[in-house]
Amino acid sequence: MRKIKTVLAAVLSAALLLAQGVAQNAPPAPVRTESELLTVLRSDAGRKEKADACRELAIRGGQEAIPVLVPMLSDENLSHMARYALERIPQPAVDKALRESLAELRGGNLVGVIHTIGVRKDAKAVKPLQTCLNSSDPEVARAAALALGRIGGVGVAQAMLKRFAGAPPKQQLALAEGILNCADALLGGSQAKAARGLFDALLAAEAPHQVKTAALRGAVLARGKDGPAFLAPYLRADADVTFGSALRVSRGLAGPEMTGVLIRAMKDARGDRKVLLVQTLGMRGDRAATPALIQILKENDAAMLKAAMQALAQLEETEAVPAIMPLLLHPEAEVRSTAKETLGSLPGPEVDAQVIKLTTRPETDLQIIGMDLIVRRRMVGALPVLLDLARSADEKVRLAAVGRTGELAGSAGAPEMLKLLLRARTPAEIAAAEQGLSAALLKAEDRNKAAGLAAGAWSVADVEQKMALLNVLASLGGTNALQAVRSAISSDRPEIRSAAIRALGAWNSAEAAPDLLQLAQSATDPVEKVLSLRSYLALATDSDLKPDARLDMCRQASALIKTPEEEKLLLSTLGNVSTMPALKMAQAHLANAAVKEEAANAVLRIAEKLLQARGAGKTAKPIIEALGSAASATANESVKTRAAKLQEVARAKAQEP
Amino acid sequence: MAAALAVPVIIPGTALGLNGAVPPSGRIVLGGIGIGGRGTGVLNWMLPEKDVQFVAVCDAKRSQREAIKIMVDGKYGNNDCATFQDIREFLAERTDIDGVLIATGDRWHATASVMAMRAGKDVYSEKPSSMTIAQGQAVVEAARRYGRVYQTGTQRLSEANFTFANELLRTGRLGQVHTVRAHIAPWDAAEMKHDWLPAEPEPPKSEVDWDQWLGPCPWRPYNSAYTRGGWRGYYDFHTSCIGEWGAHTFAQCQVALGLETTSAVDYQYVNNASGDGMVTRFENGVSMVLQREGWHGSCGVRYEGTQGWVSVADGYARPEVSTAAWMQDYTKLVNDYIGRNQRPMSHVRDFFNCIKNRRTTVAHPVMMHRSMSTVHAANICMWLKRDLKFDPRTEEFVKDPEANRYRARAMRAPWII
């Protein structure tokens with residue numbers, strides 16, 4: 001019997017796989033011929049069937065389809081789909097038919113046909129479309145302007161330009177688009193003079209800022225090599241919007257002429273504009289700007305110094321390094337940090353050599369910056385330099401070198417870092433060594449093995465060093481680290497036990513949660529009990545945990561809570577769990593006067609997230625109810641208002657079809 | 001990680017909307033169009049930015065615009081967020097708005113972007129940011145013509161893990177790169193649905209403006225499921241399993257290869273439902289393979305060269321690499337990228353910085369259009385069930401009139417651009 005069942009199951013599985021295979025590799029649905037599609041259109045088939053036929057004719061329709069589709073243009077229900085097909089049929093007969101239909105159509109059908117004529121660039125339609133520009137229907141006039149722009153031509157553009165000044169705002173934008181389209185086409189077609197006339201006219205007209213920007217760009221491009229000079233006064237314009245447009249245009253113009261215009265524009269510009277001009281020099285990537293940018297480094301305007309260094313970084317200009325070095329000690333912190341970052345990102349061995357020189361300078365601050373840059377630039381070859389500095393007589397330098405060595409050396413340098421930790425005596429030395437050891441071990445491919453290295457030093461470490469090792473283990477996580485921390489919890493030294501609990505609370509994942517829960521349940525020392533509970537709740541905020549897991553942790557913690565402060569902590573954690581059971585749990589705390597405000601806040605936070613989820617309408621009723629309870633419980637007026645607004649959202653969601 | 005270097009407030013964004021009038025503060029005035037679930041997520045990234053003030057939302061659906069108003073008013077502690085039903089009125093009336101977040105469904109992204117840019121707004125548009133090659137061209141043209149700042153929502157271009165992977169490639173550590181692999185969504189198919197859901201009574205326009213919700217797409221009867229996210233998988237509204245994630249991953253690959261201003265030229269049809277395994281090829285000979293599996297996170301990419309490989313997807317603590325030692329250079333490479341390009345590791349921050357200094361964004365219109373053209377061409381290859389060749393210069397398929405007809409779709413009036 002079992003054998004029969006097995007065979008049957010195998011046959012069914014095979015059949016299922018076969019069926020799936022058939023579904024995945026099903027033969028394509030037969031492509032309908034043009035003739036079949038036209039039969040559908042000529043029949044009394046429904047709107048859907050005819051729409052589908054039009055969609056296919058857009059790809060495969062030809063001459064035969066035109067007389068069938070054209071009468072549909074006046075059909076309110078099918079006009080768009082008729083155009084959907086006609087617009088893509090290349091035969092010239094389509095253009096003729098569309099032109100002829102213009103006189104017959106009104107409203108949306110007419111707007112659509114005008115648009116399609118524009119897409120097809122039917123030059124023979126210019127005259128009737130110009131008539132449409134005068135239509136009393138603003139949508140028709142707008143569509144005509146857009147279509148004429150696509151068709152193009154000097155005469156067409158001039159006709160639109162005449163109407164531009166007196167046109168209502170909504171039509172003005174369409175006319176501008178039409179004129180600009182014509183002018184761009186003329187420019188691309190080597191009729192720069194005609195294009196220039198159109199751009200200049202728009203530039204001189206009263207027009208929205210974006211139209212002026214477009215006109216300025218065109219006017220500059222139409223002037224060819226004279227463009228940068230034409231742009232120069234606009235970079236000195238009073239209006240910010242004009243300056244901004246000119247700046248944008250300058251970014252698209254390559255060559256030293258434009259670079260020169262930008263540099264000269266800085267002369268009289270106000271401070272904030274100077275910064276933008278400098279940024280533009282960086283973005284344009286023309287190294288002709290280098291001398292001017294280096295010159296700025298000798299000035300003392302913090303914003304300009306920063307902008308010039310950033311521009312030099314974009315140009316990857318290593319010539320600037322000697323001029324940047326003094327700025328590492330500039331009085332303004334932002335200048336110092338920009339100088340450091342610029343030196344960090346500039347490429348090349350010459351820059352490496354300059355950085356190493358920094359570590360030999362008498363100023364401690366410069367030595368430390370040099371070490372930072374060695375790490376930032378990943379100069380692994382300079383590791384001996386850092387190890388030398390780790391033995392410096394200057395404590396500040398020594399401590400800095402220990403931390404940086406760990407960062408640069410990676411896990412291969414971990415044994416050296418461990419030795420430094422075990423030699424460390426002062427709190428500062430221990431902290432630096434802990435930082436270095438963590439940095440080194442966190443780069444290990446096998447963190448569990450790395451934790452074994454740290455744990456192996458336990459027996460020879462003193463109390464302070466052990467506390468540092470616990471922090472290192474918490475940052476690494478994993479079973480070896482957890483085992484080592486568990487051993488520490490059984491220490492007879494209370495400070496080590498507390499440090500071990502804190503280490504569990506700072507664990508890099510929720511894997512330490514069961515240990516903390518057990519401690520919170522069974523610890524005999526009340527301080528350790530509270531510490532364990534708080535650390536447990538801290539882990540429950542881990543965003544990698546699924547909401548149900550976080551809720552479960554909140555429930556476990558709830559059973560152990562003794563004081564209102566702990567209850568508040570629980571509610572704060574619960575507020576991050578966006579599930580209906582979490583909402584109910586938070587709601588249950590509203591009755592407790594000592595924590596009602598925190599409970600109300602948690603209810604609102606959960607409700608807000610639930611309402612943002614897809615399908616929130618289904619749970620709107622209990623959400624509205626919970627928000628009502630929160631509003632009644634709270635004494636805070638802004639919470640009441642927020643609850644009422646969220647209730648409105650929930651009601652709207654509930655009514656969604 | 002080095003913080004993004006601060007960009008000074010120079011041209012107050014609002015000045016652009018007020019034709020030169022300088023407002024009291026240098027804040028960027030922001031509005032939203034079609035902010036649903038995804039848009040809310042992006043808005044949550046944007047609202048904490050201190051120099052941004054969100055002032056108005058436009059949505060065809062009342063419940064959605066009300067929800068955003070409540071969220072925004074709650075954030076600012078006022079009742080000031082205005083609501084609009086009609087996108088045309090919104091763009092015409094709010095001349096004070098500098099930039100808009102567009103997070104409608106795919107069907108509206110490009111059309112709304114072009115309308116907004118012609119109205120003088122800078123644009124952050126969610127992806128996939130075009131439905132056709134022609135729509136992508138229109139976005140590029142509007143941004144170029146009107147000098148608008150435009151960012152497409154391929155936010156992984158501003159994330160450290162993905163930046164590191166790109167920098168490994170750029171700095172030559174992978175050797176000669178011959179193949180890149182782009183994750184496509186492991187659900188849905190390349191072939192999309194044309195059926196209509198059963199008609200439901202159309203709600204009043206004030207509740208759901210169905211005509212506007214459909215926008216330039218073909219009409220179909222109202223069904224509430226569409227407006228609750230159920231538009232995915234329909235030909236009229238979606239860009240298939242290839243566009244769903246390819247909008248991100250093709251962009252990632254093309255930027256990494258320095259090919260963001262072109263598109264793939266060869267597309268090899270694969271006989272399955274999704275396009276999984278399709279090999280596309282760029283002019284320089286590098287292959288990009290569409291792949292549904294192979295990562296343990298979403299939107300993954302993998303770059304393979306003669307010296308090694310790197311693979312990364314969402315949720316990776318760090319990228320996976322063939323040579324562990326490369327990871328030692330993680331911070332350096334990311335910081336070098338930031339220093340060299342002055343780009344923050346925050347996609348929305350990059351958009352706001354560019355609004356202020358009028359710079360081109362990291363996910364600029366040409367990059368969007370060219371990578372989406374690769375998406376569209378891959379889809380068309382699957383729909384026609386044959387190999388295709390595409391010429392990125394003419395933006396036409398080579399000797400294939402049928403494929404060329406797929407490059408555009410007629411827009412429904414009055415939602416024309």
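The chains referred to below are lettered A, B, ... by the order of the sequence lines, with proteins before strands, and numbering in each begins at 1.
Side-chain atoms of Glu648(A) and Ile70(B), non-hydrogen and from C-beta on, do get closer than 4.5 Å to each other. Taking the side chain as every heavy atom from C-beta outward, Arg340(B) and Leu346(A) never approach each other to under 4.5 Å. The closest side-chain heavy-atom distance from Asp336(B) to Arg376(A) is below 4.5 Å. Using a 4.5 Å heavy-atom cutoff, the side chains of Met327(B) and Lys443(A) are not in contact. Looking at heavy atoms from C-beta onward, Arg145(B) lies in side-chain contact with Asn181(A) at the 4.5 angstrom threshold. Side-chain contact between Met71(B) and Leu646(A): absent, with no pair of heavy atoms (C-beta onward) separated by less than 4.5 Å.
For Glu191(B), no part lies under 4.5 angstrom from a heavy atom of chain A. Contact annotation for Met117(B): only backbone heavy atoms (N, CA, C, O) come within less than 4.5 Å of a heavy atom of chain A. Heavy atoms of Arg150(A) lying under 4.5 Å from chain B belong exclusively to its side chain. With a threshold of 4.5 angstrom between heavy atoms, Lys69(B) does not approach chain A through any atom at all. With a 4.5 Å cut-off on non-hydrogen atoms, Tyr235(B) touches chain A through its side chain but not through its backbone. Residue Cys354(B) does not touch chain A at all, counting heavy-atom pairs closer than 4.5 Å.
Heavy-atom pairs under 4.5 Å with chain A were tallied for Ala324(B), Ala134(B), Ser274(B), Ala119(B); the largest tally goes to Ala119(B). With chain A as partner, the option from Glu207(B), Arg62(B), Glu402(B), Arg359(B) having the largest number of non-hydrogen pairs under 4.5 angstrom is Arg359(B).
For Glu139(A) and Arg88(B), the salt-bridge test passes: some basic side-chain N is under 4.0 Å from an acidic carboxylate O. With respect to the salt-bridge test (charged N to carboxylate O, under 4.0 angstrom), the residues Arg377(A) and Asp329(B) do not qualify. Using a 4.0 Å cut-off between charged nitrogen and carboxylate oxygen, Glu87(A) and Arg409(B) do not count as a salt-bridge pair.
From Asn357(B), atom CG reaches atom CG of Leu247(A) across 8.0 Å, with rounding to the nearest 0.5 Å. Taking CD of Glu66(B) as the reference point, atom NZ of Lys653(A) lies at 11.5 Å (rounded to 0.5 Å). In this structure, CD1 in Ile89(A) is found 5.5 Å from CZ in Arg405(B), a value given to the nearest 0.5 Å. Note that the CZ atom of Arg642(A) and the CG atom of Asp73(B) stand 12.5 Å from one another [nearest 0.5 Å]. Put simply, CG on Asp52(A) and NE2 on His194(B) are 7.0 Å apart, with the number rounded to the nearest 0.5 Å. One finds the CD atom of Gln612(A) at 7.5 Å from the CD1 atom of Ile68(B) (value rounded to the nearest 0.5 Å).
In this structure, Thr213(A) and Gly147(B) approach most closely via the heavy-atom pair CG2-CA, 4.1 Å. The two atoms that bring Gly108(A) and Ala413(B) nearest to each other are O-CB, 3.4 Å, heavy atoms only.
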Exercise. Is there a side chain to side chain contact (heavy atoms under 4.5 Å, CB included) between Arg358(B) and Arg251(A) once you walk through the steps?
Worked result: CA-CA 9 Å; Arg358(B) 310 312 298 160; Arg251(A) 305 243 170 93; 4.0 Å; yes
Exercise. What do the steps show when you test Asp184(A) against Arg144(B) for salt bridge (charged side-chain N to carboxylate O under 4.0 Å, His left out), and what is the final call?
Worked result: CA-CA 11 Å; Asp184(A) 275 342; Arg144(B) 186 188 62 83; 3.3 Å; yes
For this session: Run the numbers on Arg55(A) and Asp236(B) for salt bridge (charged side-chain N to carboxylate O under 4.0 Å, His left out), then give the verdict.
Result: CA-CA 10 Å; Arg55(A) 196 182 280 105; Asp236(B) 288 340; 2.9 Å; yes
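Cation-pi geometry between Arg47(A) and Trp219(B) is met: under 6.0 angstrom from the ring centre, within 45 degrees of the axis.
In this structure a side-chain-to-backbone donor-acceptor pair under 3.5 Å is present from Gln210(A) to Arg118(B). Between the side chain of Arg83(A) and the main chain of Met411(B), a donor-acceptor pair closer than 3.5 Å is present.
Counting heavy-atom neighbours within 6.0 Å of Glu49(A) CD, excluding the residue itself, gives a total above 12.
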